[in-house]
Amino acid sequence: MVNSRWTWEENKQFEDGLVEFAGDCPNRWERIAARIATKTAAEVEQHFAVLLDDVAAIESGVIELPEYDESDGFRSPESRKSPNRSEKKQVAPQRKVARPWTEDEHRLFLIGLEKYGKGDWKSISRFMVKSRTAAQVASHAQKYYARQEKEEENKKRRSIFDNTIAETSSSLASNLCR
DNA sequence: CATAGGGTTATTG
DNA sequence: CAATAACCCTATG
């Protein structure tokens, strides 16, 4: 092994690979490793084993994610609004204030996806991302997949606006002198 | 100061 | 229930 350290970028590619090539995918580690220039299939497989160990540790309660205080989950209209303005639509200030996902939560989410499959938000919430409800997990998944699709599109579809001056002028030149 | 991103809530299958 | 749409707040350029 040349370098056993995993950078943030490598980890991200690894996690994306886990999702793209599902658990029963043949040659899984090879294919994931193909996406990570600096890692071999063996290293990927080993990295996954470590991940499972972490999961075991989390599940046995060694690591505890902070459980969010839900009592403070509601927005107070006074908290940030200028008291000056006359009331316009004081409809339902009952919406919960958004709590951004932490990196750890997201990691657990990906592992849960791995273990219970896309769609079983209930199990993922109950056994992996205990700090989030099933609805929150589903919502997170929705955004997660939407974003992935968007990135995929950006890679695939090229607009003419992506052309650089260099490319444009060179092809222009070759087209002009037929 | 508009808007993309990322959350929650409502609606639908 | 899950999937999807609508909605909404906030960070950011």
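Computed from heavy atoms alone, side chains included, the values below leave out hydrogens, waters and symmetry copies.
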Check your understanding: For the atom pair CD1 (A/I32) and CD (A/Q13), what is the distance rounded to the nearest 0.5 Å?
Key -> 11.5 Å
Point to revise | Residues that A/E30 engages under side chain to side chain contact (heavy atoms under 4.5 Å, CB included), provided they are two or more places apart | key: A/N27, A/A41
Revision key, fill the gap. Residue set satisfying salt bridge (charged side-chain N to carboxylate O under 4.0 Å, His left out) with A/K143, at least two apart, ordered chain then number -> none
Check your understanding: Whole-Å distance between C/dA2 C1' and A/Y145 OH?
Key -> 13 Å
Check your understanding: Residues in side chain to side chain contact (heavy atoms under 4.5 Å, CB included) with A/R35, at least two apart?
Key -> A/E20, A/F21
Tabulate atom names and distances for all N/O pairs under 3.5 angstrom spanning the protein and nucleotides 3-6 of chain C.
unit_1	atom_1	unit_2	atom_2	d
C/dA3	OP2	A/W121	NE1	2.7
C/dA5	N7	A/Q142	NE2	2.9
C/dA5	N6	A/Q142	OE1	3.2

Every protein N/O within reach of nucleotides 1-5 of chain B N/O, cut-off under 3.5 Å:
unit_1	atom_1	unit_2	atom_2	d
B/dG5	OP2	A/K150	NZ	2.6

Check your understanding: A/K122 side chain N/O closer than 4.0 Å to the phosphate oxygens (OP1, OP2) of C/dA2?
Key -> no
Review point. If you look at every heavy atom in A/L113 and A/I124, which pair is closest and at what distance?
Key: N-CD1, 3.8 Å
Point to revise | Those residues that, when tested against A/E149, pass side chain to side chain contact (heavy atoms under 4.5 Å, CB included) (two or more places apart) | key: none
Where do N or O atoms of nucleotides 11-13 of chain B meet protein N or O atoms at under 3.5 Å, pair by pair?
none

Study note, to complete from the structure: Rounded to whole Å, CD of A/Q136 lies from P of B/dG6 at a distance of 16 Å
Point to revise | A/R147: side-chain hydrogen bond (donor to acceptor under 3.5 Å, both in side chains) partners, not counting sequence neighbours | key: A/E151
Check your understanding: Quick one: A/R99 CZ to C/dT10 P, roughly how many Å, whole number?
Key -> 16 Å
Check your understanding: To the nearest angstrom, how far is A/R132 atom CZ from B/dG7 atom P?
Key -> 7 Å
Point to revise | Partners passing salt bridge (charged side-chain N to carboxylate O under 4.0 Å, His left out) against A/E15 (at least two apart in sequence or in another chain) | key: A/R107
Review point. Partners of A/W6 by ring pair (Phe, Tyr, Trp, His ring centres under 6.0 Å), sequence neighbours excluded?
Key: A/F14, A/H47
Exercise for review: Only counting residues at least two apart or in another chain, list the ones meeting side-chain hydrogen bond (donor to acceptor under 3.5 Å, both in side chains) with A/K122.
Suggested key: none
Point to revise | With A/A138 via side chain to side chain contact (heavy atoms under 4.5 Å, CB included) - residues at least two apart | key: A/W121
Exercise for review: Rounded off to whole Å, could you give me the NZ-to-P distance for the A/K96 and B/dA10 pair?
Suggested key: 11 Å
